[in-house]
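In this text, all values refer to a predicted model and were calculated from it rather than measured experimentally.
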Amino acid sequence: MGGATSRFSETDWTKADGGFSPKAACIDGARPTPAHMIISLSKHSIVNQREFDVRDDQDILLYDTKAVDGTVTWFDVLGPGGQKLLRVEADVQRRHWDVFAFANPAFPGQQPDPDATAQAGEPLYKKARLDITWDSYHATLSLYGKDEQPEGAVDTTGTVVGDPILKVEEIKSITAQFQTHLPNKSDSLVGFWVWEHTAKTHRIKMHLAKNSDTALHIALAVMTNMVHNQRMARPVA
């Protein structure tokens, strides 16, 4: 059970805004949500925590997520045609998660990350970073951008720039629930998702405000699912 208070009922989803310009490019190159959206992430199998198909409320396939072979936490976000869009990698403690894009640099002149590229066998570019707090109930999401250090010390693969763009919280609840909001606007949500379990279905139901990054929130849902399951599996002292 998480530590945050749900802001779902306080959020007017007809007015809530994710903060992106309507013409901006999201992390996967797509446009932000044009209006409030309801999305479902359905598990491919009951035991796999990284593989989901993602559909809108008209049952149209938007994305798919797939585990990276040979890893226990990494996964890819794929488009509806199976094209690889994003790769998500975590450290051993699952405290720090990096989101990379396939063939989609964050800024002009960005060089592929050498380690991630070597693992994938194709160019991967740093796009975002999720940092989990020590209690695993809260996190911040930041974007990678151009390193503006003096020449000679510049990291051409990108560095975290500016303040976090989103806060991510697990809600105090019997069921696993999560929410995101802009750092300076905690009373109105950007995203909210909750697990829905039936005898036949194991899925996450997600609400997204207009002008939100859909692919990024799909990645967040899978990441927070794994962090939650890891914490729940810890032995009680």
Side-chain angles (χ1 to χ4, degrees), residues 2 26-28 30 39-56 61-104 113 115-122 124-132 136-139 141 166 168-171 175-180 191-198 200-208 213-234:
C26 291
I27 197 167
D28 63 337
I39 297 169
S40 294
L41 292 80
S42 299
K43 267 187 170 186
H44 289 186
S45 72
I46 191 171
V47 296
N48 196 310
Q49 301 298 331
R50 294 179 279 170
E51 299 196 341
F52 298 81
D53 66 11
V54 183
R55 297 178 182 272
D56 66 12
L61 182 66
L62 302 177
Y63 295 96
D64 201 23
T65 67
K66 182 175 175 56
V68 176
D69 291 340
T71 73
V72 294
T73 55
W74 298 6
F75 63 93
D76 291 336
V77 179
L78 289 70
Q83 68 275 29
K84 291 182 180 179
L85 302 174
L86 306 175
R87 172 158 294 185
V88 180
E89 300 182 3
D91 65 358
V92 175
Q93 290 77 28
R94 305 187 191 186
R95 295 293 186 194
H96 307 289
W97 299 72
D98 278 315
V99 182
F100 301 89
F102 289 89
N104 182 19
D113 182 86
D115 293 335
T117 295
Q119 291 280 353
E122 53 189 301
L124 282 174
Y125 299 90
K126 294 177 182 176
K127 297 297 284 273
R129 181 180 178 92
L130 184 73
D131 294 303
I132 310 287
S136 300
Y137 292 132
H138 305 270
L141 184 87
L166 281 176
V168 187
E169 300 171 337
E170 183 171 349
I171 297 165
T175 58
Q177 301 181 30
F178 303 86
Q179 61 191 17
T180 61
F192 173 90
W193 57 98
V194 57
W195 269 102
E196 294 184 341
H197 294 290
T198 69
K200 296 182 178 180
T201 304
H202 300 275
R203 70 179 183 182
I204 297 168
K205 184 176 182 180
M206 174 181 288
H207 289 257
L208 281 181
D213 189 324
T214 306
L216 188 55
H217 273 82
I218 298 310
L220 285 173
V222 180
M223 286 186 267
T224 53
N225 176 53
M226 285 191 279
V227 172
H228 171 82
N229 286 335
Q230 181 190 44
R231 189 182 64 252
M232 296 301 290
R234 292 174 186 164

Could you give the distance from OG1 (Thr214) to CD1 (Ile27), rounded to the nearest 0.5 Å?
-> 12.0 Å

Residues at least two apart in sequence or cross-chain that pass side-chain hydrogen bond (donor to acceptor under 3.5 Å, both in side chains) with Asp115, listed by chain then number, are none

Apply the side chain to side chain contact (heavy atoms under 4.5 Å, CB included) test between Phe75 and each candidate in Met226, Lys66, Gln49; give the one that qualifies.
-> Met226

So which of Leu141, Asp131, Thr224, Thr73 actually passes side chain to side chain contact (heavy atoms under 4.5 Å, CB included) with Trp97?
-> Thr73

Tightest non-hydrogen contact, residues Val227 and Arg94, listed as CG2-O, 4.0 Å

Any side-chain heavy-atom pair from Met223 and Leu220 closer than 4.5 angstrom?
-> yes

State, with a plain yes or no, whether a side-chain heavy atom of Asp98 is found less than 4.5 Å away from one of Lys126.
-> no

Could you give all pairs that pass the salt bridge (Lys or Arg N to Asp or Glu O under 4.0 Å) test and reach residues 68-78, with sequence neighbours left out?
-> Asp76-Arg87

Anything under 30° is parallel, anything over 60° is perpendicular, the rest tilted; go ahead and classify Trp195 against Phe52.
-> tilted

Please report the closest heavy-atom contact between Leu208 and Gly191, naming both atoms and the distance.
-> CD2-CA, 4.0 Å

What residues, two or more places apart in sequence or in another chain, satisfy side-chain hydrogen bond (donor to acceptor under 3.5 Å, both in side chains) together with Asp113?
-> none

Under a 4.5 Å cut-off applied to non-hydrogen side-chain atoms, are Asp28 and Val77 in contact?
-> no

Mark yes or no for whether Thr65, through its side chain, and Arg50, through its backbone, hold a donor-acceptor pair below 3.5 Å.
-> yes

Does the side chain of Leu216 come within less than 4.5 Å of Lys127's, by heavy atoms?
-> no

Exam field: side chain Asn229 to backbone Asn225, donor-acceptor pair closer than 3.5 Å | yes

Any Ile39 side-chain heavy atom under 4.5 Å of Tyr63 side chain | no

Determine whether Thr117 and Phe100 make a side-chain contact, defined as any pair of heavy atoms from C-beta on separated by less than 4.5 Å.
-> no

Closest approach of Ala120 to Phe102 (non-hydrogen atoms, all atoms of both residues) | CB-CE2, 4.5 Å

Is there side-chain contact between Leu166 and His217, with at least one heavy-atom pair below 4.5 Å?
-> yes

State, to 0.1 Å, how close Ala139 and Ile132 come at their nearest heavy-atom pair, and which atoms those are.
-> CB-CD1, 3.7 Å

If you take all heavy atoms of Leu78 and Gly82, which pair is closest and at what distance?
-> CD2-O, 3.3 Å

Ion pair check, Arg55 and Asp53, cut-off under 4.0 Å | yes

Should the pair Phe178 and Trp193 be assigned to parallel (<30°), tilted (30 to 60°) or perpendicular (>60°) ring geometry?
-> parallel

Does the side chain of Val68 come within less than 4.5 Å of Glu89's, by heavy atoms?
-> no

